[in-house]
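Structure, as structure tokens:
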Amino acid sequence: MIMIEPRTDRLSGRGELEMKLLEDLNPSQVEAVTHVDGPLLVIAGAGTGKTRVITRRIAYMIHEGIAPWNILAITFTKKAAGEMKERVAQLGVATGAWVSTFHSMCVQMLRPFADLVGLRASFTIYDADDQKKLYKQILQGQREFDEKDLSLVMSVISRAKNELVSPSLLEERGENPAFVGIYRAYQAALRKANAMDFDDLLYYVAKLLLENEDYRRHWTDRFRYVLVDEYQDTNHAQYVIVRELAKERGNVCATGDPDQAIYTWRGADIRNILDFEHDFPNAKVVKLERNYRSTKTILRAASEMIRNNTERKERELYTDKVETEPIKLLVCRDDEEEAEHIAAEVLRLQEDGVELRDMAVFYRTNAQSRVFEKVFSGHRIPYVLIGAVGFYERKEVKDILAYLRVLVNDSDNVSLARILNVPPRGIGNTSISRLETWAEAHGTSLLTAVREAETIQGMPARAKQSLREFLSLLDQLRTFTQKPVADLVEATIKNTRYVEMLEASGKPEDMDRIDNLEELQRAAAIYDAANPERGLAGFLEDITLLSDVDKYDENANAVPLMTLHCAKGLEFRVVFLSGLVDGLLPHYNSMETQAEIEEERRLCYVGMTRAKEKLYLTYPLERSFWGASRCSGPSRFLSEIPPDTITPGRRVTRVRRTSRRWNVDGDDEDEADRSGRHPGERGAAGAEPPQTDARARTPSRSRQVSGFSPGERVNHNTFGPGRVVQLEGSGEQAKAIVRFDDGYERKLMLKYANLTKI
DNA sequence: AGCAACCGTGTTTTT
DNA sequence: CACGGTTGCT
């Protein structure tokens, strides 16, 4: 580790380096950078130079004489962490600060102390896929839930862990005993496998910090200054970790933006940022409101829209930029035409000199990426998919990785069960269950059962033979564990004869799988080069903890396609925000409560504020899914954007005759840049979204818009029967509060709720 | 034990 | 539509 240089005194007053660190910062930014001791909350609006403030602040702290290893900076993605490290280094101060995500930080805080939570240092981290397998096994062993409840069970238990609620506590709270039982069984199974899931990483660290004074002391001695980015998206466990690390010295700096809170669905608690001043008394609060990213128009459009959120502190971003190019709205026949429009626009912009990597396409759900892939491929436009089915989640990759995991952690039952018969070697499901039962009965691991297969009653001779061969295969591979990871990966692929299996199948998709395995070898080689010290365990850890954005190479000459969630923290010269349709954004599953709608609105806000120069908003009149075609109206958020910031797209949009009613001007039915009527055209009445075909096509719905009265009994497709408590709003905005017979009150948009009188 | 054909079920968002 | 899981046949 490099030693920190003592403070430079060559110049009087502020040193040369210090001047450089404060160079080009506005007064609020300087305030944030130079406030080193004591709690600090930086409310940093979109594009206000937050990353810059954080990196300068770290550099400034080091320059002030704080040892880098006493600094902990927690970011949202590893990529952000890497960039931050690099930028601090560029500022010319010694590096060595811990810059990490919550999850990888927790791994490092747990490996050396794994015994404190009853595990060994070689523990495996289970991803969603592994978790699911474990849960499935457990669900099979009881009668209260069947596999259809899997996702419910998973989310309830995950939520409990994020709230630091143990099984016993959950029980005390009177939760359904079946949940408690599954929660206990699941934790026991993880423990047996010497494994943790993502939630455990946070849970264990939080618990240890709370309950083990030596542990807390060890880490608070180390981390004397704590910075947390994206604080609005921390959950309770993460909040406790930060609080426990920082409460003694109070040297905590949180940065975030309540308007960009988009993870409440996975337990993030917006109160963490709202209550900061209460949690850390005497906190200094700095607001960054000067936006350096977007044009005036984009900024105004996004700001006006987000103002519709009621649960919000009023704030105003401003910019000195003068460009006023309007936002373009593209109305398209369907999702395919939408992709065609965007592709055409991409090509046009490329001709104008905009690099592909400076544009981005955003959408609400991963499923929407399909059309773009198809259309972009058709036009030979290079693109990169961020997220979706991640490379490391592919079957063939997971299979090979499962071998590696078993070598590191011989208790990893989930991984072992996965590969016992992959490639097929005559060990069928019956034999595997027999082994599992035996392991269960003898209180030992699945691998031990495999080793003892000879003595297990009823094990077919053929299976026994195969298991012997399997064990010797593992032994062969074990000789590679101290060698470079790339060598081990290569040996695994070779010795398992995995490629031979794929070649033999003759299926075209299996050829792609072979490519993927080569890709895996390359990834391992890159890892080896970058991390000569960290070894196999580090490789496996990175793979499970790397986020999708981490894997995105912004230097590639390709248009990135990503969900709005992935877009957070990024910026592009040109942004295409697609699928602006009610039901997609806001999403069907997130429009029942006001809080849900507001989170969707924040998501839209995040998307819009990524754009530096040009913003395109697009919506299809129809979308095909599950084979059928469906109509939906434009997103309600469109009507919240000031009309004078929007102009119809200049591309000619051909509208099918059936959609002719969209052509308000009516004089040229094939020219939809006229039908690209935008929300504001209705003037002050624009609070109501543009007339949608939803009304025209489904008159049954429009009849329901009014016609309910309090006290009336109604039925809802999902929630069943209930009684109307209160009505509010009218027309498109009409809502009803209904007390359902399950005891819960829900606020429903009548337009979508499909309530029927009973 | 392994393979093929069929069925049914599902789309938020992710560390 | 597209995938994964189950069934039933060999």
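Hydrogens, waters and symmetry mates are skipped; everything else that's a heavy atom, side chains included, is used. Sequence lines set the chain letters: A, B, ... in the order given, protein chains first and strands last, and positions in each chain run from 1. Given the structure is predicted, the values throughout are model-derived calculations rather than measurements.
- Contact check, A:S104 against B:dT15: no side-chain N or O comes under 4.0 Å of OP1 or OP2.
- As a whole-Å value, the separation of A:L150 CG from B:dG10 C1' is 14 Å.
- Residue ring and nucleobase are stacked for A:W265 and B:dT13, with a centre distance beneath 5.5 angstrom and an angle between planes beneath 30°.
- Shown here are the side chain to side chain contact (heavy atoms under 4.5 Å, CB included) partners of A:L152, two or more places apart in sequence or in another chain: A:V156, A:F179.
- In this structure, of B:dT15, B:dT13, B:dA1, it is B:dT15 that holds the atom nearest to the side chain of A:R266.
- For B:dT13, the OP1/OP2 oxygens have no side-chain nitrogen or oxygen of A:K568 closer than 4.0 Å.
- Residue A:T544 is classed as having no contact, given no heavy-atom separation below 4.0 Å to the nucleic acid.
- Between the P atom of B:dT13 and the CG atom of A:L584 lies a distance of 10 Å, rounded to the nearest Å.
- Between A:D335 atom CG and C:dC1 atom P the separation is 14 Å, expressed in whole Å.
- Comparing B:dA1, B:dT15, B:dT13 by their closest approach to the side chain of A:T365 singles out B:dT13.
- Counting any heavy atom pair closer than 4.0 Å across all strands shown, A:T563 reaches sugar-phosphate atoms only and no base atom.
- Spacing between atom CE of A:M591 and atom P of B:dT13 amounts to 16 Å, rounded to whole angstrom units.
- Going from atom CZ of A:F76 over to atom P of B:dT14 covers 10 Å, rounded to whole Å.
- Of the possible donor and acceptor atoms, none in the side chain of A:D542 sits under 3.5 Å from a partner among the backbone N and O of A:F539.
- For the OP1/OP2 pair of B:dT13 and a distance below 4.0 Å, the side-chain nitrogens and oxygens of A:N366 include at least one atom meeting the criterion.
- Within 4.0 Å (heavy atoms only), A:N421 reaches sugar-phosphate atoms of the nucleic acid but no base atom.
- The ring-ring contact (aromatic ring centres under 6.0 Å, His included) search around A:Y135 returns A:Y186, not counting sequence neighbours.
- For A:S590 and B:dT13, the shortest distance from a side-chain N or O to OP1 or OP2 is not below 4.0 Å.
- Residues that satisfy the side-chain hydrogen bond (donor to acceptor under 3.5 Å, both in side chains) test with A:Y605, not counting sequence neighbours, are absent from this structure.
- Here the side chain of A:K136 is nearest to one of B:dG2, B:dT15, C:dG5, namely C:dG5.
- Here B:dT15 presents its P atom at 13 Å from CE of A:M562, a figure rounded to the nearest Å.
- Using modelled atom types, one finds a donor on one side chain and an acceptor on the other under 3.5 Å when comparing A:E230 with A:Q232.
- When heavy atoms are screened at a 4.0 angstrom cut-off, A:F102 is found touching no nucleic acid atom at all.
- With sequence neighbours excluded, the residues that form a side chain to side chain contact (heavy atoms under 4.5 Å, CB included) with A:D229 are A:K50, A:I54, A:T255.
- Comparing C:dC3, B:dA1, B:dT14 by their closest approach to the side chain of A:R370 singles out C:dC3.
- In the set B:dA1, C:dG5, B:dT13, the nucleotide with an atom closest to the side chain of A:S431 is B:dA1.
- Take the nearest nucleotide of DNA chain B for A:A463 and for A:H103: the residue whose nucleotide is more 5' is A:A463.
- The CG atom of A:N589 sits 11 Å away from the C1' atom of B:dG10 (whole-angstrom rounding).
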Please list each protein N or O that sits under 3.5 Å from an N or O in nucleotides 8-10 of chain C, with the distance.
none

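- For an aromatic pair to be called close, the ring centres must be under 6.0 Å apart, and A:Y263 with A:F76 satisfies this.
- For residues 236-246 of chain A, the salt bridge (Lys or Arg N to Asp or Glu O under 4.0 Å) pairs, not counting sequence neighbours, are A:E244-A:K247.
- In this structure, the CD atom of A:Q232 is 15 Å from the C1' atom of B:dT15, given to the nearest Å.
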